[in-house]
Amino acid sequence: MIYTCYNSSRERKMDRENNHNFKSQKEIYNFWQKLKIFPANSKTNKPKYSILLPPPNLTGELHLGHAMQHSILDAIARYKRLQGFDVLLLPGVDHAGIAFEETFDRELKKQNLSKTKLGMDQWLKKAWEFKDQIYKSVSVSWRMMGLCADWGREVFTLDEGPRQAVFHAFKTFYEDGFIYKGPYIVQWCPRCNTAIEDVEMEYEERKEKLYYVKYFLDQHPASGKSGTEHIVVATARTETIFADVAIAVHPASPFKKYVGRTAYIPVPLSPKGRQDHLGVIADERVDKNFGTGALKITPGHDALDYKIGLDNNLPIYHAVDKSGRMTELAGELKGLKVEEARVKAAELLGETYIEKTEEYIHSVPVCERCKTVIEPLISEEWFVKMDDLAKGAIKEIKAGMINFLPKNYSKILVDWLENIHDWCISRSLWWGHRIPVWYPSTSLRTSLSTRSARSLQQSSGQAGQVAGIKVSMESPGPGWIQDDQVLDTWFSSGLWPLSTLGWPHFVLQSRTSRGKPSIALATEGKPSDKKPSLDPDLEKYFPWDFEISAPEIKYLWIARMIMLSVYLTGQIPFKTMFFHGMLRDLQGRKFSKSLGNGIEPAYLINTWGIDATRMTLYSYSVPGRDGRVSKELFDERSKNFRNFATKIKNIAKFVLDLKPENSIQKLEFNHKDDRWIKLQLEKTIKKTTNDLEQVNLHLATEEIYNFVWHEFADIYIEKSKKRRLEAQPVLEYILKNILILLHPFMPFLTEEIYQRFNNKQKSILLDKWPVLNN
RNA sequence: GGGCACUUAGCUCAGCUGGUUAGAGCGACACGUUUACACCGUGUAGGUCGGGGGUUCGAAUCCCUCAGUGCCCACCA
């Protein structure tokens with residue numbers, strides 16, 4: 001029971017009106033569901049319009065960005081339905097590998113549980129339960145937003161359909177020689193305990209110390225008679241000195257004269273570890289302006305060093321392991337964390353070896369998810385060669401096959417594609433698509449050692465098929481062991497436009513099987529031809545007409561979808577690609593849980609109603625432009641649109657409820673006011689339609705708002721009071737058109753009022769978008 | 001270092017394929033309870049459209065330049 005305190009009888013009246021005379025949103029949503037107007041119908045001869053919902057990550061409730069994205073998609077879908085298209089708005093969710101594990105592990109910690117305590121089987125069981133729990137809240141939010149999606153075709157990225165698609169794509173790339181496995185330098189997150197990609201990192205400015213370390217030549221420090229000749233190297237990472245394998249100097253550096261001589265590692269090494277002498281080499285890739293123009297080469301912990309090491313056939317050592325702690329190589333520092341070891345190593349060096357120390361501000365790469373400092377190291381991972389895939393995508397984009405909104409994203413994507421690196425697709429996680437590769441023995445599965453980079457490159461670095469392994473969804477037989485890594489989430493997300501339509505050869509399952517990976521329908525995965533088709537029933541929806549995304553995942557997701565689709569099907573995945581802006585706080589920061597600056601969509605919906613909240617979101621949906629918002633600003637705007645909703649209710653009350661008796665008149669536009677409002681309506685229809693076609697929803701909503709409030713209500717209705725009986729048909733005509741124009745944006749309110757026009761229980765969604773004859 | 005945006009009323013932002021007195025919401029101020037609506041109406045104040053230069057009959061809109069802000073990419077020993 002809720003007790004409300006009213007300040008006046010008027011407020012009480014208002015409240016009654018809002019809560020009782022108007023149907024609940026749930027009632028209206030169920031009405032739509034009952035009429036079955038959301039599902040697409042591939043059998044009709046209507047033209048199709050397909051919209052793909054970007055699957056939200058299953059990491060928690062939907063945030064404001066999702067709300068905006070989904071409101072935009074829903075408006076487009078409803079608009080196209082009104083225009084008579086057979087609309088497919090396909091929803092789904094993403095398993096979001098790293099992000100999900102991060103969230104789930106935090107949840108487990110609360111219960112004093114962990115991956116190691118549970119073991120893989122138990123962990124996965126609980127993970128699926130957790131997934132269901134999150135999914136429920138997402139599912140409720142979608143309906144609360146009014147999303148008119150085809151729920152019967154909903155897909156989860158770990159469903160059987162995507163599983164088939166992932167396998168087929170992997171197999172195709174493998175057979176075409178694009179997939180290779182090998183130990184390479186990768187960006188490693190010690191906290192997530194997996195390799196990640198460059199695009200999954202961000203940089204943080206840090207103030208650290210830059211040490212100028214002396215590497216003495218020829219004279220072994222242990223002999224006690226260190227000479228004076230030395231090379232000074234500036235480094236911020238003293239702890240990696242244990243894994244140094246050479247000193248490289250720029251050819252123009254004063255240290256050039258020492259090339260060919262031998263330097264010594266200036267810290268005590270573990271006795272059984274490794275040799276302590278270093279070659280001095282020349283290399284142009286060393287920045288002669290940084291520090292002293294000399295660089296210590298640590299191929300195990302730096303990408304540039306790795307390349308230089310490769311070219312000079314240098315060995316690789318690891319001073320830091322995958323958990324971010326020092327290895328045996330570091331002797332007494334073994335087991336220390338990197339930051340501690342850095343200080344300790346500097347102490348070990350002491351004044352003898354440190355010439356000077358400088359304060360130094362630089363950007364440190366951190367994991368986008370958990371903000372842990374990234375440790376570049378060598379790990380055995382799977383990669384996809386990207387050159388050919390990128391070329392295909394570039395060709396389509398340059399030919400203008402995809403309509404990017406705003407259009408400059410076309411160039412941004414091409415620039416990235418033209419400088420693409422190979423894609424590390426393996427992740428050391430449990431939540432995801434297991435890599436469909438099988439080994440006859442465990443020894444083949446793990447083969448990393450401290451062999452030289454070159455020999456590694458030669459043994460397993462070639463793209464193409466590796467002897468002895470099998471690519472298969474299911475075990476090839478007893479004794480075979482599956483690769484223990486999973487695929488990068490974006491590998492399955494990249495296939496989203498295909499897997500959602502049943503590619504490669506697979507009829508989509510009904511929702512009942514959602515949530516559990518089924519095995520029954522798995523085939524050997526051997527399609528007859530190279531370019532397998534989509535589900536014949538659903539094929540007509542491909543390519544998708546409309547896709548939407550936040551700009552921040554343009555490379556991770558959008559570029560991948562284009563590359564994979566073009567290569568695997570020969571077609572672009574979508575015709576229009578819309579990038580909305582990012583909602584930020586007043587300081588321009590992204591919304592995030594850790595900053596606590598988020599605004600809950602549920603709060604806005606509860607306070608101002610879904611229709612008003614949607615209108616507010618449209619006002620911020622300027623293509624590609626960020627919006628700065630705060631709770632106060634959002635409230636302010638939403639309040640305005642809530643008032644707008646009330647205004648429309650009152651207009652409806654005036655036009656329909658207070659209809660004069662004997663008002664059955666013919667619709668005629670004889671009076672000059674009638675002709676004027678008709679003209680204004682036509683202008684509004686024209687502009688709104690145009691704005692919708694350009695996906696300028698902020699303009700479309702503003703256009704209707706002005707017409708409704710400042711032309712229809714303020715002017716026409718006021719004037720009509722003098723000639724009410726005569727004007728009644730025009731009032732009704734204008735109102736009905738307003739409802740249709742507004743329906744894509746304020747679906748609940750417009751449906752509710754529309755119902756009062758007739759008793760036939762026809763949904764407004766089945767009406768027609770107004771078309772101008774001239 | 002490379003690229004892309006943005007800078008318009010007190011605040012948040014539209015408008016920008018050049019063309020009537022530059023708009024909205026909120027905020028401020030003054031009136032008003034005239035039965036659709038006070039979650040309202042009527043009206044007022046508030047802008048040399050970041051600075052400078054140019055093209056043009058005409059520039060918030062196109063070009064150049066300077067300054068500031070933000071974002072993306074690369075690098076960061």
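All values below were derived from every heavy atom in this structure, side-chain atoms included, with hydrogens, water molecules and symmetry-related copies excluded. Chain letters run A, B, ... following the sequence lines, proteins first, then strands; residues in each count from 1. Just so we're clear, the structure is a prediction, and the values are computed from it rather than from any experiment.
- A/Y716 is linked by a ring-ring contact (aromatic ring centres under 6.0 Å, His included) to nothing, counting only residues two or more places apart in sequence or in another chain.
- Annotation: ring-ring contact (aromatic ring centres under 6.0 Å, His included) contacts of A/Y620 (sequence neighbours excluded): A/F634.
- Stems are defined here as 3 or more consecutive Watson-Crick or G-U wobble pairs with pairing distances under 3.5 Å; those involving RNA chain B are B:1-7 with B:67-73, B:10-13 with B:23-26, B:28-32 with B:40-44, B:50-54 with B:62-66.
- Judged as a salt bridge (Lys or Arg N to Asp or Glu O under 4.0 Å), and not counting sequence neighbours, A/E368 has no contacts.
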Nucleotide by nucleotide, nucleotides 72-77 of chain B touches protein heavy atoms under 4.0 Å in the pattern (B base, S sugar-phosphate only, - none) SS--BB
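- In this structure, the salt bridge (Lys or Arg N to Asp or Glu O under 4.0 Å) partners of A/K719, at least two apart in sequence or on a different chain, are A/D673.
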Side-chain donor-acceptor distances from residues 231-239 of chain A under 3.5 Å, at least two apart:
{"residue": "A/T235", "atom": "OG1", "partner": "A/R237", "partner atom": "N", "Å": "2.9"}
{"residue": "A/R237", "atom": "NE", "partner": "A/E239", "partner atom": "OE2", "Å": "2.9"}
{"residue": "A/R237", "atom": "NH1", "partner": "A/E375", "partner atom": "OE2", "Å": "3.2"}
{"residue": "A/R237", "atom": "NH2", "partner": "A/E239", "partner atom": "OE2", "Å": "2.9"}
{"residue": "A/R237", "atom": "NH2", "partner": "A/E375", "partner atom": "OE1", "Å": "3.2"}
{"residue": "A/R237", "atom": "NH2", "partner": "A/E375", "partner atom": "OE2", "Å": "2.7"}
{"residue": "A/T238", "atom": "OG1", "partner": "A/R342", "partner atom": "O", "Å": "2.8"}
{"residue": "A/E239", "atom": "OE1", "partner": "A/R342", "partner atom": "NE", "Å": "3.0"}
{"residue": "A/E239", "atom": "OE2", "partner": "A/R342", "partner atom": "NH2", "Å": "3.0"}

Between the protein and nucleotides 26-28 of chain B, list the N/O to N/O atom pairs that are separated by less than 3.5 angstrom.
{"residue": "B/C26", "atom": "O2'", "partner": "A/E636", "partner atom": "OE2", "Å": "2.6"}

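- If you check the side chains of A/N706 and A/E711, you find no donor sitting under 3.5 Å from an acceptor.
- Residues satisfying the ring-ring contact (aromatic ring centres under 6.0 Å, His included) criterion with A/F579, sequence neighbours excluded, are A/Y409.
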Nucleotide N/O to protein N/O under 3.5 Å, stretch nucleotides 7-10 of chain B:
none

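- Residues satisfying the ring-ring contact (aromatic ring centres under 6.0 Å, His included) test with A/F707, not counting sequence neighbours, are none.
- By the side chain to side chain contact (heavy atoms under 4.5 Å, CB included) test, A/I553 is found to be paired with A/W490, A/S549, A/L556, A/W557, residues two or more places apart in sequence or in another chain being considered.
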